[in-house]
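Below is one structure; the comments refer to it alone.
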Amino acid sequence: MRFNLFKQSDIPEKYRSNFTNLYLDIAWFGVVSGTAVNFLNVYATRLGASGLQIGLLTAAAAVVNLFLAIPAGHWISKRPTGQAVFWSSVLFRIGYFFWIPLPWFFNEQGQIWALIVLAFLMAIPLTPLGVGFNALFAEAVPDRYRARVAGTRNVTFAIAYMLTSLIAGYILKNTEFPGGYQVIFIIGAFGAAMSSYHIYHVKPLRDENPASPPAPIPVAASQSVSPRSLTAALRLDVWNSKFKHVLLAMFIFHFSHYLSSPLYPIFNVRVLNLNDSHLGNGTALYYLSVLLASTQLGRIVNRFGNKRITGWGVAGMASYPLMLAFAQNVWQFYALSFLGGFLFALVNGAYANYMLENIPPDDRPSHLAWYTIMFNFAILASSLIGPVTADAIGLINALIVFGIARILAGLFLLKWG
(Lines give C-alpha, C1' and ligand atoms only; values in the text may rest on other atoms or scores of the structure.)
Protein backbone atom coordinates (compact mmCIF):
# COMPACT_ATOMS: atom_id res chain seq x y z
CA MET A 1 0.00 0.00 0.00
CA ARG A 2 2.89 2.33 0.80
CA PHE A 3 4.27 1.98 -2.71
CA ASN A 4 0.89 2.37 -4.39
CA LEU A 5 0.15 5.52 -2.43
CA PHE A 6 3.53 7.21 -2.84
CA LYS A 7 4.82 5.82 -6.13
CA GLN A 8 5.76 8.69 -8.44
CA SER A 9 7.23 7.30 -11.62
CA ASP A 10 7.98 10.76 -13.05
CA ILE A 11 10.08 11.78 -10.03
CA PRO A 12 13.87 11.25 -10.32
CA GLU A 13 15.08 8.41 -8.15
CA LYS A 14 17.35 10.62 -6.02
CA TYR A 15 14.34 12.58 -4.74
CA ARG A 16 11.97 9.72 -3.98
CA SER A 17 13.28 8.75 -0.55
CA ASN A 18 12.97 12.32 0.72
CA PHE A 19 9.50 12.74 -0.72
CA THR A 20 8.26 9.44 0.69
CA ASN A 21 9.62 10.17 4.16
CA LEU A 22 8.08 13.65 4.06
CA TYR A 23 4.72 12.06 3.24
CA LEU A 24 5.05 9.46 6.01
CA ASP A 25 6.22 12.09 8.50
CA ILE A 26 3.10 14.17 7.93
CA ALA A 27 0.87 11.07 7.86
CA TRP A 28 2.03 10.06 11.34
CA PHE A 29 1.72 13.64 12.49
CA GLY A 30 -1.82 13.44 11.16
CA VAL A 31 -2.34 10.62 13.65
CA VAL A 32 -1.08 12.89 16.44
CA SER A 33 -3.28 15.73 15.27
CA GLY A 34 -6.39 13.62 14.74
CA THR A 35 -6.22 12.17 18.23
CA ALA A 36 -4.25 13.96 20.97
CA VAL A 37 -4.00 17.46 19.50
CA ASN A 38 -7.51 17.48 18.02
CA PHE A 39 -9.20 16.70 21.33
CA LEU A 40 -6.86 18.51 23.73
CA ASN A 41 -8.93 21.69 23.93
CA VAL A 42 -12.13 19.64 24.13
CA TYR A 43 -10.62 17.68 27.01
CA ALA A 44 -9.66 20.91 28.77
CA THR A 45 -13.17 22.26 28.18
CA ARG A 46 -14.76 19.14 29.69
CA LEU A 47 -12.41 19.54 32.68
CA GLY A 48 -13.92 23.00 33.16
CA ALA A 49 -11.27 25.20 31.54
CA SER A 50 -12.14 28.84 30.90
CA GLY A 51 -11.58 30.58 27.59
CA LEU A 52 -8.47 32.21 29.02
CA GLN A 53 -7.04 28.85 30.12
CA ILE A 54 -7.67 27.38 26.68
CA GLY A 55 -5.93 30.40 25.18
CA LEU A 56 -2.98 29.86 27.51
CA LEU A 57 -2.54 26.31 26.17
CA THR A 58 -1.46 27.98 22.94
CA ALA A 59 -0.04 31.19 24.36
CA ALA A 60 2.41 29.39 26.67
CA ALA A 61 4.26 28.02 23.66
CA ALA A 62 4.15 31.38 21.92
CA VAL A 63 5.91 33.11 24.84
CA VAL A 64 8.81 30.66 24.63
CA ASN A 65 9.04 30.95 20.85
CA LEU A 66 9.22 34.73 21.00
CA PHE A 67 12.35 34.60 23.14
CA LEU A 68 14.04 31.63 21.48
CA ALA A 69 13.32 32.08 17.77
CA ILE A 70 16.43 34.15 16.96
CA PRO A 71 18.80 31.94 19.02
CA ALA A 72 17.16 28.91 17.41
CA GLY A 73 17.83 30.37 13.96
CA HIS A 74 21.51 30.82 14.84
CA TRP A 75 21.64 27.32 16.32
CA ILE A 76 20.08 25.76 13.21
CA SER A 77 22.36 27.69 10.83
CA LYS A 78 25.50 26.30 12.52
CA ARG A 79 24.45 22.66 12.33
CA PRO A 80 23.34 20.15 9.72
CA THR A 81 19.69 21.03 9.24
CA GLY A 82 18.43 17.44 9.15
CA GLN A 83 20.04 16.44 12.45
CA ALA A 84 18.97 19.64 14.21
CA VAL A 85 15.36 19.22 13.10
CA PHE A 86 15.29 15.54 14.05
CA TRP A 87 16.57 15.99 17.61
CA SER A 88 14.33 18.99 18.14
CA SER A 89 11.34 16.89 17.07
CA VAL A 90 12.31 14.10 19.48
CA LEU A 91 12.59 16.43 22.47
CA PHE A 92 9.33 18.18 21.57
CA ARG A 93 7.31 15.01 21.03
CA ILE A 94 8.41 13.32 24.25
CA GLY A 95 6.01 15.76 25.87
CA TYR A 96 2.99 13.96 24.40
CA PHE A 97 3.77 10.94 26.57
CA PHE A 98 3.38 13.07 29.71
CA TRP A 99 -0.25 13.85 28.84
CA ILE A 100 -1.22 10.23 29.38
CA PRO A 101 -0.92 9.83 33.20
CA LEU A 102 -2.26 13.26 34.22
CA PRO A 103 -5.66 11.99 35.46
CA TRP A 104 -3.85 9.67 37.89
CA PHE A 105 -1.99 12.54 39.59
CA PHE A 106 -4.15 15.68 39.43
CA ASN A 107 -7.72 16.88 39.86
CA GLU A 108 -9.52 18.77 37.07
CA GLN A 109 -7.90 22.17 37.60
CA GLY A 110 -4.56 20.53 38.31
CA GLN A 111 -4.69 18.76 34.95
CA ILE A 112 -5.51 21.99 33.12
CA TRP A 113 -2.54 23.80 34.61
CA ALA A 114 -0.28 20.77 34.10
CA LEU A 115 -1.19 20.81 30.40
CA ILE A 116 -0.35 24.52 30.23
CA VAL A 117 3.04 23.91 31.91
CA LEU A 118 3.76 21.01 29.54
CA ALA A 119 2.87 23.23 26.58
CA PHE A 120 5.42 25.73 27.89
CA LEU A 121 8.17 23.10 28.22
CA MET A 122 7.40 21.43 24.88
CA ALA A 123 7.72 24.82 23.19
CA ILE A 124 11.46 24.96 23.96
CA PRO A 125 12.42 22.27 21.40
CA LEU A 126 9.43 23.19 19.22
CA THR A 127 11.10 26.53 18.43
CA PRO A 128 14.11 25.13 16.52
CA LEU A 129 11.81 22.50 15.02
CA GLY A 130 9.52 25.21 13.65
CA VAL A 131 12.43 27.34 12.40
CA GLY A 132 14.32 24.41 10.95
CA PHE A 133 11.64 22.33 9.27
CA ASN A 134 10.84 24.85 6.53
CA ALA A 135 14.57 25.18 5.89
CA LEU A 136 14.90 21.38 5.74
CA PHE A 137 11.93 21.19 3.36
CA ALA A 138 13.59 23.75 1.08
CA GLU A 139 16.90 21.83 1.18
CA ALA A 140 15.27 18.44 0.61
CA VAL A 141 12.76 19.37 -2.12
CA PRO A 142 13.78 21.15 -5.34
CA ASP A 143 11.82 24.31 -6.07
CA ARG A 144 9.99 22.82 -9.06
CA TYR A 145 8.46 20.07 -6.89
CA ARG A 146 7.57 22.07 -3.77
CA ALA A 147 3.94 22.81 -4.61
CA ARG A 148 3.40 19.19 -5.60
CA VAL A 149 5.03 17.80 -2.47
CA ALA A 150 3.14 20.28 -0.26
CA GLY A 151 -0.13 19.21 -1.88
CA THR A 152 0.63 15.52 -1.45
CA ARG A 153 1.59 16.11 2.18
CA ASN A 154 -1.79 17.76 2.65
CA VAL A 155 -3.44 14.66 1.18
CA THR A 156 -1.60 12.22 3.43
CA PHE A 157 -2.17 14.41 6.48
CA ALA A 158 -5.86 14.66 5.64
CA ILE A 159 -6.27 10.89 5.25
CA ALA A 160 -4.55 10.18 8.57
CA TYR A 161 -6.36 12.99 10.38
CA MET A 162 -9.74 12.00 8.98
CA LEU A 163 -9.45 8.33 9.87
CA THR A 164 -7.95 8.82 13.32
CA SER A 165 -10.43 11.54 14.30
CA LEU A 166 -13.29 9.14 13.49
CA ILE A 167 -11.62 6.41 15.52
CA ALA A 168 -10.95 8.83 18.38
CA GLY A 169 -14.56 9.99 18.38
CA TYR A 170 -15.74 6.35 18.55
CA ILE A 171 -13.32 5.59 21.41
CA LEU A 172 -14.41 8.63 23.39
CA LYS A 173 -18.09 7.88 22.85
CA ASN A 174 -17.73 4.33 24.14
CA THR A 175 -15.19 4.82 26.94
CA GLU A 176 -15.75 6.48 30.29
CA PHE A 177 -14.20 9.87 30.94
CA PRO A 178 -11.24 10.40 31.26
CA GLY A 179 -10.04 6.92 30.21
CA GLY A 180 -10.96 7.46 26.56
CA TYR A 181 -8.79 10.54 26.41
CA GLN A 182 -5.85 8.61 27.85
CA VAL A 183 -6.26 6.05 25.06
CA ILE A 184 -6.16 8.66 22.33
CA PHE A 185 -3.20 10.37 24.03
CA ILE A 186 -1.35 7.03 23.80
CA ILE A 187 -2.18 6.75 20.10
CA GLY A 188 -1.02 10.33 19.56
CA ALA A 189 2.27 9.77 21.39
CA PHE A 190 3.03 6.72 19.22
CA GLY A 191 2.25 8.72 16.08
CA ALA A 192 4.59 11.47 17.26
CA ALA A 193 7.45 9.00 17.68
CA MET A 194 6.91 7.58 14.19
CA SER A 195 6.81 11.07 12.69
CA SER A 196 10.23 11.84 14.18
CA TYR A 197 11.54 8.53 12.80
CA HIS A 198 10.70 9.60 9.25
CA ILE A 199 12.08 13.12 9.76
CA TYR A 200 15.41 11.43 10.54
CA HIS A 201 15.42 9.96 7.03
CA VAL A 202 14.83 13.28 5.22
CA LYS A 203 18.22 14.38 3.89
CA PRO A 204 19.22 17.73 2.34
CA LEU A 205 20.18 17.45 -1.33
CA ARG A 206 23.75 18.69 -1.18
CA ASP A 207 24.24 18.66 -4.95
CA GLU A 208 21.25 21.01 -5.36
CA ASN A 209 22.05 23.15 -2.33
CA PRO A 210 25.73 24.07 -2.72
CA ALA A 211 27.38 25.66 0.26
CA SER A 212 26.87 29.40 0.13
CA PRO A 213 28.89 32.08 1.84
CA PRO A 214 27.30 33.59 4.92
CA ALA A 215 24.89 36.44 4.29
CA PRO A 216 26.84 39.71 4.14
CA ILE A 217 26.40 42.32 6.84
CA PRO A 218 24.59 45.37 5.44
CA VAL A 219 26.94 48.21 4.46
CA ALA A 220 25.54 50.62 7.02
CA ALA A 221 25.94 48.09 9.78
CA SER A 222 29.47 47.09 8.79
CA GLN A 223 30.62 50.69 8.97
CA SER A 224 29.22 51.44 12.39
CA VAL A 225 29.00 48.28 14.47
CA SER A 226 30.90 45.10 15.05
CA PRO A 227 29.55 41.80 13.70
CA ARG A 228 29.02 40.74 17.30
CA SER A 229 26.81 43.69 18.10
CA LEU A 230 23.25 43.20 19.24
CA THR A 231 21.90 44.47 15.92
CA ALA A 232 23.91 41.93 13.95
CA ALA A 233 23.00 39.12 16.35
CA LEU A 234 19.29 39.88 16.05
CA ARG A 235 19.55 40.10 12.25
CA LEU A 236 17.58 43.35 12.14
CA ASP A 237 18.79 43.74 8.55
CA VAL A 238 15.98 41.35 7.58
CA TRP A 239 13.60 44.25 8.27
CA ASN A 240 15.42 46.35 5.67
CA SER A 241 14.58 43.87 2.93
CA LYS A 242 11.35 43.27 1.03
CA PHE A 243 10.70 40.34 3.36
CA LYS A 244 9.41 42.80 5.98
CA HIS A 245 6.17 43.10 3.98
CA VAL A 246 5.79 39.34 4.06
CA LEU A 247 6.41 39.30 7.82
CA LEU A 248 3.75 41.95 8.46
CA ALA A 249 1.25 40.18 6.22
CA MET A 250 1.85 36.84 7.92
CA PHE A 251 1.54 38.41 11.36
CA ILE A 252 -1.85 39.91 10.50
CA PHE A 253 -2.97 36.60 8.97
CA HIS A 254 -2.01 34.51 12.00
CA PHE A 255 -3.34 37.09 14.46
CA SER A 256 -6.76 37.17 12.80
CA HIS A 257 -6.77 33.38 12.41
CA TYR A 258 -6.04 32.54 16.05
CA LEU A 259 -8.36 35.15 17.59
CA SER A 260 -11.29 32.77 17.33
CA SER A 261 -9.48 29.47 17.97
CA PRO A 262 -9.96 29.43 21.79
CA LEU A 263 -13.66 30.08 21.26
CA TYR A 264 -14.42 27.05 19.05
CA PRO A 265 -14.39 24.30 21.71
CA ILE A 266 -16.44 26.45 24.09
CA PHE A 267 -19.04 27.23 21.41
CA ASN A 268 -19.17 23.65 20.13
CA VAL A 269 -19.47 22.01 23.56
CA ARG A 270 -21.47 24.58 25.53
CA VAL A 271 -23.63 26.25 22.85
CA LEU A 272 -24.12 23.62 20.13
CA ASN A 273 -23.92 20.81 22.74
CA LEU A 274 -21.84 18.60 20.46
CA ASN A 275 -20.50 15.32 21.85
CA ASP A 276 -17.09 13.81 21.07
CA SER A 277 -18.50 11.70 18.25
CA HIS A 278 -19.97 14.79 16.57
CA LEU A 279 -16.64 16.58 16.89
CA GLY A 280 -14.79 13.61 15.44
CA ASN A 281 -17.20 13.44 12.50
CA GLY A 282 -16.84 17.16 11.87
CA THR A 283 -13.07 16.86 11.87
CA ALA A 284 -13.28 13.94 9.44
CA LEU A 285 -15.42 15.98 7.04
CA TYR A 286 -13.03 18.91 7.39
CA TYR A 287 -10.06 16.80 6.36
CA LEU A 288 -11.98 14.95 3.67
CA SER A 289 -12.39 18.37 2.09
CA VAL A 290 -8.69 19.08 2.69
CA LEU A 291 -7.87 15.86 0.87
CA LEU A 292 -10.04 16.68 -2.14
CA ALA A 293 -8.74 20.24 -2.41
CA SER A 294 -5.12 19.20 -1.98
CA THR A 295 -5.22 16.96 -5.04
CA GLN A 296 -5.74 20.11 -7.11
CA LEU A 297 -3.39 22.38 -5.16
CA GLY A 298 -0.46 22.13 -7.58
CA ARG A 299 -2.65 22.99 -10.55
CA ILE A 300 -4.33 25.92 -8.74
CA VAL A 301 -1.02 27.35 -7.51
CA ASN A 302 0.58 27.05 -10.93
CA ARG A 303 -2.28 29.07 -12.39
CA PHE A 304 -2.72 31.78 -9.77
CA GLY A 305 0.52 31.79 -7.75
CA ASN A 306 1.20 31.20 -4.07
CA LYS A 307 0.54 34.80 -3.02
CA ARG A 308 -2.92 35.02 -4.57
CA ILE A 309 -3.98 31.64 -3.26
CA THR A 310 -2.77 32.55 0.24
CA GLY A 311 -4.46 35.95 0.26
CA TRP A 312 -7.83 34.88 -1.10
CA GLY A 313 -7.73 31.73 1.01
CA VAL A 314 -7.18 33.77 4.19
CA ALA A 315 -10.10 36.04 3.31
CA GLY A 316 -12.25 33.01 2.53
CA MET A 317 -11.45 31.44 5.90
CA ALA A 318 -13.60 34.19 7.42
CA SER A 319 -16.56 32.01 6.50
CA TYR A 320 -15.81 29.60 9.36
CA PRO A 321 -16.24 31.91 12.39
CA LEU A 322 -18.95 33.94 10.62
CA MET A 323 -21.09 30.93 9.78
CA LEU A 324 -20.38 29.13 13.05
CA ALA A 325 -21.79 32.12 14.93
CA PHE A 326 -25.20 31.39 13.33
CA ALA A 327 -25.05 27.57 13.46
CA GLN A 328 -27.82 25.90 15.46
CA ASN A 329 -27.37 22.17 14.95
CA VAL A 330 -24.85 19.47 14.21
CA TRP A 331 -25.68 19.33 10.47
CA GLN A 332 -24.76 22.96 9.99
CA PHE A 333 -21.56 22.25 11.89
CA TYR A 334 -20.83 19.38 9.48
CA ALA A 335 -21.43 21.55 6.39
CA LEU A 336 -19.24 24.30 7.77
CA SER A 337 -16.49 21.81 8.58
CA PHE A 338 -16.44 20.62 4.97
CA LEU A 339 -16.23 24.17 3.60
CA GLY A 340 -13.53 25.15 6.09
CA GLY A 341 -11.34 22.22 5.07
CA PHE A 342 -11.29 23.31 1.43
CA LEU A 343 -10.11 26.82 2.28
CA PHE A 344 -7.58 25.56 4.84
CA ALA A 345 -6.02 23.27 2.22
CA LEU A 346 -5.40 26.18 -0.13
CA VAL A 347 -3.81 28.40 2.52
CA ASN A 348 -1.83 25.64 4.22
CA GLY A 349 -0.41 24.42 0.92
CA ALA A 350 0.54 27.85 -0.42
CA TYR A 351 1.67 30.14 2.38
CA ALA A 352 4.99 28.44 3.22
CA ASN A 353 5.99 28.44 -0.45
CA TYR A 354 4.87 32.08 -0.69
CA MET A 355 7.36 32.87 2.07
CA LEU A 356 10.15 30.79 0.53
CA GLU A 357 9.76 32.69 -2.74
CA ASN A 358 10.74 35.84 -0.84
CA ILE A 359 13.69 34.44 1.15
CA PRO A 360 17.30 34.33 -0.14
CA PRO A 361 18.26 30.63 -0.49
CA ASP A 362 21.54 31.21 1.42
CA ASP A 363 19.89 32.84 4.45
CA ARG A 364 16.75 30.83 5.22
CA PRO A 365 17.23 30.16 8.98
CA SER A 366 17.43 33.85 9.95
CA HIS A 367 14.43 34.86 7.85
CA LEU A 368 12.40 31.90 9.12
CA ALA A 369 13.43 32.76 12.68
CA TRP A 370 11.87 36.21 12.25
CA TYR A 371 8.77 34.58 10.78
CA THR A 372 8.62 32.31 13.84
CA ILE A 373 8.78 35.37 16.11
CA MET A 374 5.94 37.09 14.26
CA PHE A 375 3.92 33.86 14.17
CA ASN A 376 4.23 33.32 17.90
CA PHE A 377 3.67 36.97 18.77
CA ALA A 378 0.44 36.72 16.77
CA ILE A 379 -0.56 33.55 18.64
CA LEU A 380 0.29 35.03 22.02
CA ALA A 381 -1.64 38.25 21.43
CA SER A 382 -4.65 36.64 19.78
CA SER A 383 -4.93 33.78 22.30
CA LEU A 384 -5.23 36.31 25.12
CA ILE A 385 -7.24 39.00 23.31
CA GLY A 386 -9.74 36.55 21.80
CA PRO A 387 -11.23 35.19 25.06
CA VAL A 388 -11.18 38.63 26.72
CA THR A 389 -13.05 40.12 23.77
CA ALA A 390 -15.59 37.29 23.85
CA ASP A 391 -16.19 37.93 27.56
CA ALA A 392 -16.74 41.62 26.85
CA ILE A 393 -19.00 41.48 23.77
CA GLY A 394 -20.34 37.93 23.84
CA LEU A 395 -19.29 34.71 22.12
CA ILE A 396 -21.38 35.14 18.97
CA ASN A 397 -20.46 38.80 18.46
CA ALA A 398 -16.79 37.94 18.90
CA LEU A 399 -16.95 35.24 16.21
CA ILE A 400 -18.49 37.75 13.79
CA VAL A 401 -15.87 40.42 14.52
CA PHE A 402 -13.04 37.91 14.19
CA GLY A 403 -14.44 36.68 10.87
CA ILE A 404 -14.35 40.23 9.50
CA ALA A 405 -10.75 40.50 10.73
CA ARG A 406 -9.83 37.50 8.56
CA ILE A 407 -11.26 39.21 5.47
CA LEU A 408 -9.18 42.31 6.17
CA ALA A 409 -6.07 40.16 6.74
CA GLY A 410 -6.46 38.49 3.35
CA LEU A 411 -6.91 41.83 1.58
CA PHE A 412 -3.84 43.25 3.35
CA LEU A 413 -1.73 40.31 2.18
CA LEU A 414 -2.89 40.69 -1.42
CA LYS A 415 -2.27 44.44 -1.44
CA TRP A 416 0.94 44.82 0.57
CA GLY A 417 2.32 41.34 1.25
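Keep in mind that what you see is a predicted model, and the values were worked out from it rather than measured.
Qualifying side-chain contact (heavy atoms from CB on, under 4.5 Å) partners for Phe304, counting only residues two or more places apart in sequence or in other chains: Ile300, Arg308, Ile309. Residues meeting the ring pair (Phe, Tyr, Trp, His ring centres under 6.0 Å) test with Phe157, sequence neighbours left out: Tyr161, Tyr287. Looking at residues two or more places apart in sequence or on another chain, you find no ring pair (Phe, Tyr, Trp, His ring centres under 6.0 Å) involving Phe267. In this view, Arg153 and Asp25 satisfy the salt bridge (charged side-chain N to carboxylate O under 4.0 Å, His left out) rule, not counting sequence neighbours. Residues satisfying the ring pair (Phe, Tyr, Trp, His ring centres under 6.0 Å) test with Phe86, not counting sequence neighbours, are Tyr200. Checked against salt bridge (charged side-chain N to carboxylate O under 4.0 Å, His left out), Asp143 has the following partners two or more places apart in sequence or in another chain: Arg146.
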Identify every side-chain donor-acceptor pair in residues 168-177 under 3.5 Å, counting partners at least two apart or on other chains, and give the distances.
unit_1, atom_1, unit_2, atom_2, d
Asn174, ND2, Tyr170, O, 2.8
Thr175, OG1, Ile171, O, 2.7

Side-chain donor-acceptor pairs of residues 107-123 under 3.5 Å, sequence neighbours excluded:
unit_1, atom_1, unit_2, atom_2, d
Asn107, OD1, Gln109, N, 3.4
Asn107, OD1, Gly110, N, 2.7
Gln109, OE1, Gln53, NE2, 3.1
Gln111, OE1, Tyr43, OH, 2.3
Gln111, NE2, Phe106, O, 3.4

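Judged purely by atom type and a 3.5 angstrom limit, Asn358 uses its side chain to pair as donor or acceptor with the backbone of Tyr354. Between the Ser382 side chain and the Ile379 main chain, a donor and an acceptor come within less than 3.5 Å of each other. Looking at Ser289, its side chain does come within 3.5 Å of a backbone N or O of Phe342 through a donor-acceptor pair. Put simply, the side chain of Lys307 gets close to the backbone of Gly417: a donor and an acceptor are under 3.5 Å apart.
Contacts classified as side chain to side chain donor-acceptor pair (under 3.5 Å) and involving residues 85-103 (residues at least two apart or in different chains) are given here: Ser89-Ser196, Arg93-Ser195, Arg93-Ser196. Residue pairs that meet the salt bridge (Lys or Arg N to Asp or Glu O under 4.0 Å) test with at least one member in residues 53-75, sequence neighbours left out, do not exist here. The side chain to side chain donor-acceptor pair (under 3.5 Å) analysis of residues 242-251, with sequence neighbours excluded, yields no pairs. Residue pairs that meet the side chain to side chain donor-acceptor pair (under 3.5 Å) test with at least one member in residues 267-283, sequence neighbours left out, are Asn38-Thr283, Arg46-Asp276, Tyr181-Asp276, Asn275-His278, Asn281-Tyr334.
Outside the 6.0 Å centre-distance limit, the rings of Tyr371 and His367 are not counted as a close aromatic pair. Between Phe29 and His198, the distance separating the two ring centers is not shorter than 6.0 angstrom. In summary, the aromatic rings of Trp28 and Phe190 are positioned with their centroids under 6.0 Å apart.
The shortest distance between side-chain heavy atoms of Leu413 and Ile252 does not fall below 4.5 Å. At a threshold of 4.5 Å between non-hydrogen side-chain atoms, the residues Met374 and His254 do not count as touching. Counting heavy atoms from C-beta outward, Leu274 and Phe333 have side chains that approach closer than 4.5 Å. Counting heavy atoms from C-beta on, the side chains of Ile400 and Leu322 come closer than 4.5 Å. At least one side-chain heavy atom of Ile385 sits less than 4.5 Å from a side-chain heavy atom of Leu259. Residues Trp370 and Trp239 meet the side-chain proximity criterion, which asks for heavy atoms closer than 4.5 Å. Side-chain contact check for Phe402 versus Tyr258: every heavy-atom pair is 4.5 Å or farther apart. With a 4.5 Å cut-off on side-chain heavy atoms, Leu263 and Leu399 count as touching.
Side-chain contact, Arg406 with Ser260: a donor N or O sits under 3.5 Å from an acceptor N or O. Side chain to side chain, Tyr320 and His257 fail the donor-acceptor criterion of an N or O pair below 3.5 Å.
Rounding to the nearest 0.5 Å gives a distance of 8.0 Å between OH of Tyr286 and CG of Leu343. A distance of 5.0 Å separates CG of Asn353 from CG of Asn306, quoted to the nearest 0.5 Å. Met317 contributes atom CE, which lies 10.0 Å from atom CG of Leu346 (distance to the nearest 0.5 angstrom). How far CZ of Phe185 is from CD1 of Ile100: 9.0 Å, rounded to the nearest 0.5 Å. Rounded to the nearest 0.5 Å, atoms CG (Asn21) and CD1 (Ile26) are 13.0 Å apart. With rounding to the nearest 0.5 angstrom, the CG atom of Leu285 is 8.0 Å from the CG atom of Leu166.
Checking Val64, Ile76, Asn376 one by one against Thr127, the side-chain contact (heavy atoms from CB on, under 4.5 Å) holds for a single residue, Val64.
Shown here for Gly30 and Thr164, the closest heavy-atom pair between the two residues is O-OG1, 3.6 Å.
The aromatic rings of Phe137 and Phe133 sit tilted relative to each other, their planes meeting at an angle between 30° and 60°.
Around atom CZ of Phe377, no more than 12 heavy atoms belonging to other residues, nucleotides or ligands sit under 6.0 Å away.
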